[in-house]
Amino acid sequence: MNSAAASGRGFTLVELMITVTILAIMASFALPSFGRFIRDQRVKNAAFDVYASIILARSESIKRGSDVQVNPTSTTNWALGWSVVDGGGNNLKVQNAIAGVETTGPAGLTYQRDGRI
């Protein structure tokens with residue numbers, strides 16, 4: 001191999017620094033919207049978890065033919081978690097606290113054996 005062909009491969013340190021600088025500038029524009037995306041996903045996940053627990057409580061009340069309750073761990077602060085409890089006091093599902101989401105609601109829900117609140 002001759003020296004002219006060998007020196008033509010690769011890139012210089014200046015080119016690398018320019019590329020890194022451009023990437024850093026582009027990342028600085030993307031970070032605020034990425035933070036908003038993460039917050040939105042946390043809210044969507046929390047809403048889905050509440051919805052899934054409510055659907056579970058309703059279906060279990062019909063299946064078991066007894067009342068099933070969905071109760072928050074704290075009085076009305078659903079963000080600290082909740083549980084789905086059947087008529088015999090057995091936990092059917094326990095949801096842990098959801099970090100970064102503020103959630104409030106009623107003191108609990110009770111589905112009767114016919115699936116109605």
Side-chain angles (χ1 to χ4, degrees):
M1 236 186 202
N2 62 25
S3 63
S7 66
R9 290 187 288 187
F11 48 89
T12 65
L13 182 61
V14 172
E15 292 170 332
L16 175 67
M17 294 305 295
I18 290 172
T19 304
V20 169
T21 303
I22 291 171
L23 287 174
I25 291 170
M26 291 174 65
S28 70
F29 287 122
L31 284 177
S33 62
F34 188 67
R36 185 173 43 242
F37 172 76
I38 290 173
R39 283 190 305 272
D40 290 347
Q41 288 302 313
R42 284 184 181 161
V43 170
K44 286 179 184 178
N45 287 341
F48 179 77
D49 289 342
V50 170
Y51 179 72
S53 294
I54 289 171
I55 294 300
L56 173 70
R58 184 176 185 274
S59 67
E60 288 294 323
S61 70
I62 294 169
K63 182 174 92 174
R64 295 169 185 263
S66 66
D67 291 355
V68 175
Q69 297 178 344
V70 183
N71 299 318
T73 303
S74 177
T75 309
T76 57
N77 189 357
W78 290 77
L80 297 177
W82 60 87
S83 60
V84 179
V85 181
D86 68 2
N90 301 316
N91 282 334
L92 303 176
K93 178 181 178 183
V94 176
Q95 175 68 44
N96 294 325
I98 302 172
V101 176
E102 295 292 324
T103 310
T104 59
L109 299 171
T110 301
Y111 279 96
Q112 300 170 357
R113 60 184 171 161
D114 61 356
R116 296 179 185 247
I117 293 181

Point-to-point distance, once rounded to the nearest 0.5 Å, from OG1 of Thr21 to CG of Leu16: 9.0 Å
Common cluster, Ile38/Val43, ILVMFWY with side-chain heavy-atom separation under 4.5 Å: no
Sequence-distant partners of Asp40, side-chain hydrogen bond (donor to acceptor under 3.5 Å, both in side chains), two or more places apart: none
Any side-chain heavy-atom pair of Arg58 and Ile54 under 4.5 Å: no
Stepwise side-chain contact (heavy atoms from CB on, under 4.5 Å) test for Tyr111 and Leu56: CA-CA 10 Å; Tyr111 279 96; Leu56 173 70; over 6 Å; no
CG-CZ distance between Asp67 and Arg113, expressed to the nearest 0.5 angstrom: 8.5 Å
Inter-residue atom distance Leu13.CG - Met17.CE, 0.5 Å rounding: 6.5 Å
Non-hydrogen side-chain atoms of Trp78 and Val70 separated by less than 4.5 Å: yes
hydrophobic_cluster_shared for Leu109 and Val84, side chain cutoff 4.5 Å: yes
Show which side-chain atoms of residues 85-93 pair as donor or acceptor with protein atoms under 3.5 Å away, not counting sequence neighbours.
residue	atom	partner	partner atom	Å
Asp86	OD1	Gly88	N	3.1
Asp86	OD1	Gly89	N	3.1
Asp86	OD1	Asn90	N	2.7
Asp86	OD2	Arg64	NH1	3.2
Asp86	OD2	Asn90	ND2	3.3
Lys93	NZ	Ser53	OG	3.2

Thr110 side-chain N/O to Gln69 backbone N/O, donor-acceptor pair under 3.5 Å: no
Nearest heavy-atom neighbours spanning Pro106 and Pro72: O-CG, 4.1 Å
Lys44 vs Phe48 side-chain heavy atoms within contact, under 4.5 Å: no
Cluster overlap Ile18 with Met26, hydrophobic side-chain contacts below 4.5 Å: yes
Contact summary for Ile98 and Ala46, nearest pair of heavy atoms: CD1-CB, 3.7 Å
